[in-house]
Number of protein chains: 2
Amino acid sequence: MATQVQALYDFTGEPGTTEMSITCGEVLTLLNTEIGEGWWEGKKSNGETGLFPAAYVRKLTPEESIQTKAAPPAPRYDQAADDWGEQHYSAGDNNYQRGVSHEDGWDDDWEDDTYSEIGPAQQQNKTSQYNQQSSIVIPGMPINDYNQHIDDTSSNYSSSVGTVRKNKFAPSSKISGESYLLATLNVEVPDSEKVYIIQDEDGYIWSPITQPYIVTVASPKKESKFKGIKSFIAYQLTPSFNNIQVSRRYKHFDWLHERLQEKFTLIPIPPLPDKQISGRYDEQLIERRRVQLQEFVDWMCKHPVLSRSEVWQHFLTCTDEKRWKAGKRQAEKDNLLGLNYCVSLVVPEKALLQSQVDHITEQCHTFINSVDTAIKSVSSMCIVQTKRFQGPYKSDCQKIGEAFYSLGNALSLDEGTIVSTSKLTSAIKMTGGVYIDIGRMYDEQPKYDWEPLGDKFHLYKGIAASFPDVLANHKGAVQKKRECERLTAENKMEVAQLNEVLRRTDVISYALLAEINHFKSERTVDIKATMQKFLKQQINFYKKIVDKLETTLRYYDD
Amino acid sequence: MATQVQALYDFTGEPGTTEMSITCGEVLTLLNTEIGEGWWEGKKSNGETGLFPAAYVRKLTPEESIQTKAAPPAPRYDQAADDWGEQHYSAGDNNYQRGVSHEDGWDDDWEDDTYSEIGPAQQQNKTSQYNQQSSIVIPGMPINDYNQHIDDTSSNYSSSVGTVRKNKFAPSSKISGESYLLATLNVEVPDSEKVYIIQDEDGYIWSPITQPYIVTVASPKKESKFKGIKSFIAYQLTPSFNNIQVSRRYKHFDWLHERLQEKFTLIPIPPLPDKQISGRYDEQLIERRRVQLQEFVDWMCKHPVLSRSEVWQHFLTCTDEKRWKAGKRQAEKDNLLGLNYCVSLVVPEKALLQSQVDHITEQCHTFINSVDTAIKSVSSMCIVQTKRFQGPYKSDCQKIGEAFYSLGNALSLDEGTIVSTSKLTSAIKMTGGVYIDIGRMYDEQPKYDWEPLGDKFHLYKGIAASFPDVLANHKGAVQKKRECERLTAENKMEVAQLNEVLRRTDVISYALLAEINHFKSERTVDIKATMQKFLKQQINFYKKIVDKLETTLRYYDD
């Protein structure tokens, strides 16, 4: 029997390539695992065949059980000039958990030559010996813990609280979530780390940012190490609060993103650029990634909770190897993950009405479903329009231009000495040139309108895609609360403990309500600005066409 | 062995249909003659298969001889609501000459109900009995003469003087041309019918029109006869010199066109609309034909020779059945066809230098070759652009509009009571509406720019396509002249006769030079105006887009 795989996530194949879109939960027949670069080939039930990232599916065994065996060697991070498009899973591996073994290129790489990658890029050529040994056990890497959590999670996947989030590391949010909710977690959070939720006229909101800052992501540089043998793309980040540039590779962003997703299960984490960006040139591709990283960074900076988080601050500011490593290990050992993070929250002293909360979350659920579809369609429209502008629209204009130019040329063969004829033929040739120019404008234009719009909607696509998990995490907590209420009714739980559970469930609800409001107010401002910018660029484009045509028209005047 | 056919003319198939383009001289394998409506199916040597007009090819017999048997019954003109698209050749007929038998719908039809078709359309419902008999011998129809000419032409096709013109009636211009040139034709032309060629600063020109007029072709009406059983499209023509409207069907234009082509072998006759006009609706199609007929009529009116010709004047003015018939017969019996027409010309009393004439004709030949290609590419570009505007450009805009509209709609699900949100969502919906509107504009636009441009270049395509025949007719005369010079050198021709041949050859050359100049000055004025009009429409279009986008942008303002 042919091996079957099940999609773990949605994947949108690049149109016009051999890639195939797959939908989470979809079962496919596996055709070929030897494609390379992390791609597999499969066949859908409707007969469609194509490629998809091996990482996006899991093999179905007859028993459909997930065996948690040791992860095989993952592809080394530093084998490619850029980290993008690499898959952290090996083809033919039944275990879809990310390879976290000590062979992971990340840490390996780190030991040797960390500094040159994270500081301002001035030490990149310092000599260092590349450690070829690949089986060093890295201190601070809680392999056993992770494996345990994975075991735990995989067998209780659908029923547990706060584990819907598809973390590659399969975080232990189920346990940590429950330990907060059931009041078994009692950690004192220092005042400086407390996060307040307050009420304003629109409802409950995160206490606004007191010291706003921005971070600019500069055009990336190609850097190299190991005497130039290895090269990679590093993005230069400069926070406005200290003006100290740091250099970050995609893998650093990726690591950060995983930490944020583990920690903030009630806050959608903005997406990183994904593999499916269209672009004809490497430089274009790198620039698009930069813009999408800027979108990620902007969202982080504007978020009252995320912008203050320790791991983010560490990521933004650390330029020292030792401190980086220390911060990294600390982040990976963070206990306040998932719902446990809620111990940091200070909420209004008012019990929430469950029916009101239910109403808001249901409305949010409906809204997210609907807006997710709309965002996806805007997003794919941007890709299609970019291709249209750079493909047929451009070439149509060029064909028009060429036709007019040849006409002018042909007519000039017989213009003789008549002035009006030679004026006409040069005007026609000019017209041809203008249409060829307009063709070039079509080629350039997406950079100013469709691509930025697409980048913005890439962000919203990611946010909207995370929201159902956020809602499910909250729902899990509410269900747990109801269970406790039942237990208390059956005298199996003490009233005091139930009251603490109720209070903590409210904290979780407050967090969700604050986040829903944050998303709403952010997007209102942000989408408005985006649409204005987009329309201005479109207007500008068509105005330039008008200008060009008016100029050429004047050449026909006597 | 499969029957093979050889293309007699170039035919450009409509892209995206089953039609296939064929090139003059190309040999195809005949697959199917049962397609109907004058179409055959064939296969090219490269394997391409498709349809082409049966009339555009001849069957190759093993002996490759053309058998001039009696023409089989041609399709009746009045069997269709409109005459367009009908082929005047029968499938399976070896004789590619037009069927001119008495079964031709034209005369048949004429006998019964002529008046209602040619006068102002006020008598169209008058009762008349339809004569079903189809074998009446029509007086004035010189069948025998024509057959004789056809025989004559088909055996001497490539070598004779003045017969390169692809007249459907295969005019006897070879004979008539020679009889003029060899000075055996001596007809006195009344002064009123004489046409002068004069010299101005740009060279030899037709004496300009003294009484210019225009003729408007009004939107056609569907008329009917035989108590409504038959209906047809008739175009209303109103000349400015008398303001009397006449009603003409396409078949009348077609008849006129054939007379003009027979008579004026040194003047390219503007083309009639052809079958290959794209258009989605019948009404659009009819309107395009009207515009192309207007182009034909305009060119006729502006031509110093054509605008005065008797058959044209008859066509423009006759509203009376009897006079129409008389004029029609007279035109068909016209002796001054082809080069013989030159007896009407009065040219400067100055012998032309053959080398100068050769230079000009060679230049014209080069020019026409080159401009013909350019005109064809502009012309097909107009068709392509029309389809682009009405197809993908339109639907792209609509998709943009729909995506924005759905976004606005989805966002409005969660706008709550925040004013800025509801303002934003309605602005986004508005933006969606504007793009859908712009889509509609793309659909409408070709009517204002690409289609008129295409109609103009349809005219020039026809003129350019006729020019090689005109040049060949002239060249034939020059060759005949050289032959006469040789004969005289060999004492086989008298000097006096040679001198007359030389004089008459000069008249022919004067006519050609005047026509070359006419074409040049006409196109200079005409193409300039056309380009200006086109550019203005394009500017207007993009300005409207700018306006619409600016309006929608203002909705985002606070």
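Sequence lines set the chain letters: A, B, ... in the order given, protein chains first and strands last, and positions in each chain run from 1.
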Does the plane of the ring in Trp450(A) sit parallel, tilted or perpendicular to the ring in Phe404(B)? Use 30° and 60° as the thresholds. parallel
Is Ile360(A) close to chain B through its backbone or its side chain, or both, or neither, when contacts mean heavy atoms under 4.5 Å? neither
Residue, of Ala374(B), Ala529(B), Pro392(B), that accumulates the most heavy atom pairs under 4.5 Å with chain A: Ala374(B)
Name the option with the most non-hydrogen atom pairs under 4.5 Å to chain B; the candidates are Val434(A), Ile545(A), Ile400(A). Ile400(A)
With chain A, which of Ser370(B), Cys382(B), Cys364(B), Gly408(B) has the greatest number of heavy-atom pairs at distances under 4.5 Å? Ser370(B)
With rounding to the nearest 0.5 angstrom, report the OG1 to NZ distance, Thr421(A) to Lys520(B). 6.0 Å
Rounded to the nearest 0.5 Å, how far apart are CE of Met531(B) and CE of Met430(A)? 12.0 Å
Which residue out of Leu407(A), Ile539(A), Leu413(A) racks up the most heavy-atom pairs below 4.5 Å with chain B? Ile539(A)
Can you find a pair of side-chain heavy atoms, one from Thr431(A) and one from Phe534(B), that are under 4.5 Å apart? no
Heavy-atom proximity to chain A below 4.5 Å, by part of Phe519(B): neither
Given side chains that start at C-beta, do those of Leu411(A) and Arg523(B) come closer than 4.5 Å, heavy atoms only? yes
Side chain, backbone, both or neither: which part of Thr373(A) has a heavy atom under 4.5 Å from chain B? neither
Contacting region of Tyr460(A) [heavy-atom separation from chain B under 4.5 Å]: neither
Atom pair NZ (Lys533(A)) and CG (Leu553(B)), whose distance is rounded to the nearest 0.5 Å: 14.0 Å
Could you check whether any side-chain heavy atom of Gln532(B) comes within less than 4.5 Å of a side-chain heavy atom of Asp557(A), counting everything from C-beta outward? yes
Leading residue by heavy atom contact count with chain B [cutoff under 4.5 Å; candidates Ile527(A), Val384(A), Ile375(A)]: Ile527(A)
What's the separation between atom CD in Gln538(B) and atom CG in Leu549(A), rounded to the nearest 0.5 Å? 6.0 Å
Glu402(A), part contacting chain B, at a heavy-atom distance under 4.5 Å: neither
Can you confirm whether Lys302(B) is buried at NZ, in the sense that more than 12 heavy atoms of other residues, nucleotides or ligands lie under 6.0 Å from that atom? yes
Atom of Thr524(A), atom of Leu424(B) and distance for their closest heavy-atom approach: O-CD2, 3.5 Å
Select, from Asp414(A), Leu535(A), Val371(A), the one with the greatest count of heavy-atom pairs under 4.5 Å involving chain B. Asp414(A)
Do Lys548(B) and Tyr542(A) come within less than 4.5 Å of each other through their side chains, counting heavy atoms only? no
Surrounding CZ of Phe367(A) (heavy atoms of other residues, nucleotides or ligands, distance under 6.0 Å), is the total greater than 12? yes
Max heavy-atom pairs within cutoff under 4.5 Å with chain B, candidates Gln385(A), Gln363(A), Lys399(A), Lys376(A), goes to Gln385(A)
